[in-house]
There are 2 protein chains.
Amino acid sequence: MDTRALSVFLSVADTLNFSRSGEMLHLSVSAVSRTVQRLEDELGQPLLERDNRSVRLTSAGREFREYARRSLAEWQQLRRKLGTDAELAGEVSLYCSVTASYRVLAPILESFRQSHPAVEIMMHTGDQADGIGRILGGQDDIAVSGHPAQLARRLDFLPLLESPLEFCAPTADCAVRDVIEGKNTAAPDFDWEAVPFIVPERGVTKDILDAWFRERGIRPRIYAQVAGHEAIVAMVSLGLGVGIAPQLVIDASGLSGSVSNIEVSERLPPLSIGLCSLRRRLASPLVKSLWDVAGQTYGVPV
Amino acid sequence: MDTRALSVFLSVADTLNFSRSGEMLHLSVSAVSRTVQRLEDELGQPLLERDNRSVRLTSAGREFREYARRSLAEWQQLRRKLGTDAELAGEVSLYCSVTASYRVLAPILESFRQSHPAVEIMMHTGDQADGIGRILGGQDDIAVSGHPAQLARRLDFLPLLESPLEFCAPTADCAVRDVIEGKNTAAPDFDWEAVPFIVPERGVTKDILDAWFRERGIRPRIYAQVAGHEAIVAMVSLGLGVGIAPQLVIDASGLSGSVSNIEVSERLPPLSIGLCSLRRRLASPLVKSLWDVAGQTYGVPV
DNA sequence: TACTTTACTTGCGTAAAACGCTATATAAGT
DNA sequence: ACTTATATAGCGTTTTACGCAAGTAAAGTA
């Protein structure tokens with residue numbers, strides 16, 4: 001019997017719901033189920049009565065809950081007393097886009113720095129689209145990413161903020177401007193196929209844009225596929241085409257003067273931006289604490 | 001942190017000796033060492049001060065010992081309270097020779113039966129020499145065996161009794177008897193090479209006998225190699241040769257009238273008979289409890 | 001009645017943790 | 001100097017725990 005099992009049991013005894021407890025503990029449902037089973041094996045008695053629809057505490061379960069609370073409290077008290085509660089130290093590896101590094105991560109890290117000065121942050125920047133891959137590949141602990149349509153179950157996603165996805169065009173007088181100038185781009189019948197597009201090479205925003213085109217039967221003229229929204233905005237500002245990017249990136253680029261948003265008949269869905277991590281990694285108190293600080297910083301219930 | 005770690009720590013805090021605790025807990029020294037290390041990691045503080053020669057409790061260690069005692073007591077109290085302390089139930093698999101089954105095991109099982117009526121005993125009998133192999137192969141949990149010269153470290157041996165290893169010859173008038181009759185077999189220069197021997201095919205007693213012959217430069221005439229001391233005694237009683245067997249087996253054979261011991265210049269070392277099991281298996285409360293009962297039955301400190 | 005939803009359990013392959021063995025280090029006894 | 005006693009560290013193996021996917025069963029819905 002270990003303290004981890006106690007925590008799991010207490011959570012389930014509290015929520016009376018294996019799935020919800022799993023989420024809260026960053027564990028799969030089956031892990032929760034088996035942890036309880038192991039406890040019951042060890043005690044030789046069922047602690048929870050469950051009938052595929054509801055969960056109730058047995059009387060042994062109620063008794064065990066009392067014990068578990070006491071025992072866990074004593075353990076934690078001891079940890080604190082022994083000076084420990086080990087000031088968290090170690091290394092957390094982050095991956096994000098350049099924009100996210102100072103528009104999303106900076107406020108988080110600022111407060112994290114204060115509460116956990118001994119933790120070293122390793123930050124890697126690059127195309128936001130690569131974030132999920134790097135998490136799955138174990139190269140980084142946490143990535144800032146848009147919420148993908150399909151989230152692998154061993155991943156956990158903590159939404160922090162939303163940013164509208166915007167079409168944008170160069171403001172300068174140029175060939176691209178001419179195709180748009182004076183026309184009603186918001187009209188359903190606007191001829192998008194005449195416009196050179198600069199689109200993301202891969203990732204969540206590429207998927208969203210592809211879907212948008214497909215739903216409208218538009219076969220866009222792709223001028224360039226680019227890795228990274230920052231680069232898209234830069235290319236748009238140079239007059240090479242019309243692009244899309246989260247408003248956040250446009251604002252942060254310092255190029256908002258050279259780029260202007262285009263009205264469209266039906267806007268792209270806003271991009272949900274947040275943290276992404278392997279559930280497993282979230283078991284680490286280090287990673288978990290950064291995750292928690294992020295949630296608090298953005299006022300999200302974790 | 002789990003209860004197992006607490007037990008290990010308490011044992012070490014008590015003995016102040018990793019090796020001895022390892023033995024008592026049926027764990028290797030390194031397992032004990034690392035269990036303590038893990039605890040210290042988790043608490044962020046050394047609990048034991050150790051300098052290759054002595055072990056002392058640190059002040060954190062003393063505090064932790066208090067906690068560990070309390071916590072473990074509460075846990076065990078709860079287990080008892082929940083009706084459990086699960087009346088041990090399950091299955092223990094034993095291997096032994098026919099003789100051992102009623103001369104060694106019977107008194108153990110008698111008292112084990114009383115204290116653990118719900119445990120099923122699976123007994124397999126055969127050549128005593130195979131016992132250790134069957135334990136190593138995982139076919140049985142516990143074997144009754146002679147103590148081998150080299151005991152694999154993952155095995156644990158609990159000596160229960162000793163029995164002298166005896167040379168024996170048929171009492172009936174026969175060719176074999178003629179070779180011995182009237183001669184002084186105890187004389188150092190007795191001609192053993194004229195005697196047909198019936199020897200164990202393999203196992204501890206074969207090794208002992210081989211060594212005995214080798215040390216005296218005797219090249220015995222082997223009439224038969226036989227699996228099982230019982231069979232050796234039977235063959236001897238039929239007048240086929242001179243054999244060796246533990247006195248225990250001769251006594252139990254019912255053939256002691258047809259077989260008589262032979263004096264020799266230097267006797268074979270007595271055979272230490274006891275239980276043998278994989279350390280790992282001894283972690284199972286079932287196996288451990290049988291082991292303990294055996295120790296008590298024979299008045300051996302376990 | 002049949003489909004869908006919800007929620008726990010189970011089989012299976014994989015990943016992490018724990019263990020034992022061997023080797024190593026260090027101090028004490030001979 | 002050699003042996004003994006004791007703890008630790010590297011390494012391969014075993015055991016345990018986990019996530020996923022499939023299964024099951026009750027309750028809601030059409």
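Order of the sequence lines fixes the chain letters, A, B, ..., with proteins taken first and strands second; residue numbering starts at 1 for each chain.
- The shortest non-hydrogen separation linking Leu136(B) to Ala152(B) is CD2-CB, 4.5 Å.
- Annotation: proximity of residues 131-145 of chain A to DNA chain D (heavy atom, distance under 4.0 Å) is found for no residue.
- Remark: Ser33(A) is not in phosphate contact with dT10(C), judged by side-chain N or O atoms under 4.0 Å from OP1 or OP2.
- Considering every non-hydrogen atom in both Leu57(A) and Ala13(A), the closest pair reads CD2-CB, 4.0 Å.
- Taking atom CG of Leu16(A) as the reference point, atom P of dT6(C) lies 19 Å away to the nearest angstrom.
- Under 3.5 Å, the side chain of Ser28(B) and the base of dC21(C) form no donor-acceptor pair of N or O atoms.
- Regarding His26(B), its NE2 atom lies at a distance of 18 Å from the C1' atom of dA18(C), rounded to whole Å.
- Across all strands shown, Ser19(A) has heavy atoms under 4.0 Å from sugar-phosphate atoms exclusively, and none from any base.
- Summary of the strand contacts: Asp51(B) and Gln37(A) both lie near DNA chain C, and taking for each the nucleotide with the nearest heavy atom, the more 5' one is attributed to Gln37(A).
- With sequence neighbours excluded, no residue forms a salt bridge (charged side-chain N to carboxylate O under 4.0 Å, His left out) with Asp127(A).
- Ser54(B) comes within contact range of no nucleotide atom at all, as no heavy-atom separation falls under 4.0 Å.
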Test log, rule salt bridge (charged side-chain N to carboxylate O under 4.0 Å, His left out), inputs Asp14(A) and Arg65(A): CA-CA 9 Å; Asp14(A) 196 29; Arg65(A) 178 171 55 173; 5.8 Å; no

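- Ring geometry for Trp75(A) versus Phe64(B): interplanar angle over 60°, hence perpendicular rather than tilted (30 to 60°).
- Think of the region where chain A sits on DNA chain D: with heavy atoms and a 4.0 Å cut, that region ends 5' and 3' at dA17(D) to dA27(D).
- Nearest to the side chain of Arg34(A), among dT9(C), dG11(C), dG20(C), sits dG11(C).
- Between the C1' atom of dG20(C) and the CG atom of Leu25(B) lies a distance of 15 Å, rounded to the nearest Å.
- The interatomic distance linking Leu278(B) (CG) with dC19(C) (C1') rounds to 13 Å, in whole Å.
- Counting any heavy atom pair closer than 4.0 Å across all strands shown, Val32(B) reaches no nucleic acid atom.
- Taking atom CE of residue Met1(B) and atom C1' of nucleotide dA17(C), one finds them 17 Å apart after rounding to whole Å.
- Looking only at side-chain heavy atoms (C-beta outward), Val287(B) and His26(B) stay at 4.5 Å or farther from each other.
- Under the 30°/60° scheme for interplanar angles, the aromatic rings of His116(A) and Phe112(A) are found to lie parallel.
- Taking atom CZ of Arg153(A) as the reference point, atom P of dA7(C) lies 14 Å away to the nearest angstrom.
- Using a 4.0 Å heavy-atom criterion, one finds that Arg38(B) contacts the sugar-phosphate atoms exclusively.
- With Leu290(A) as the fixed residue, the side chain to side chain contact (heavy atoms under 4.5 Å, CB included) test singles out one of Ile108(A), Asp141(A), Leu105(A): Ile108(A).
- For the pair Glu49(A) CD and dT9(C) P, the computed distance is 12 Å after rounding to whole Å.
- Residues Glu66(B) and Arg62(B) are not in side-chain contact: their nearest non-hydrogen atoms beyond the backbone lie 4.5 Å or more apart.
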Test log, rule salt bridge (charged side-chain N to carboxylate O under 4.0 Å, His left out), inputs Glu40(B) and Arg50(B): CA-CA 13 Å; Glu40(B) 293 178 325; Arg50(B) 33 211 195 277; 3.0 Å; yes

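- In this structure, CG of Leu48(A) is placed 14 Å from C1' of dT9(C), rounded to the nearest angstrom.
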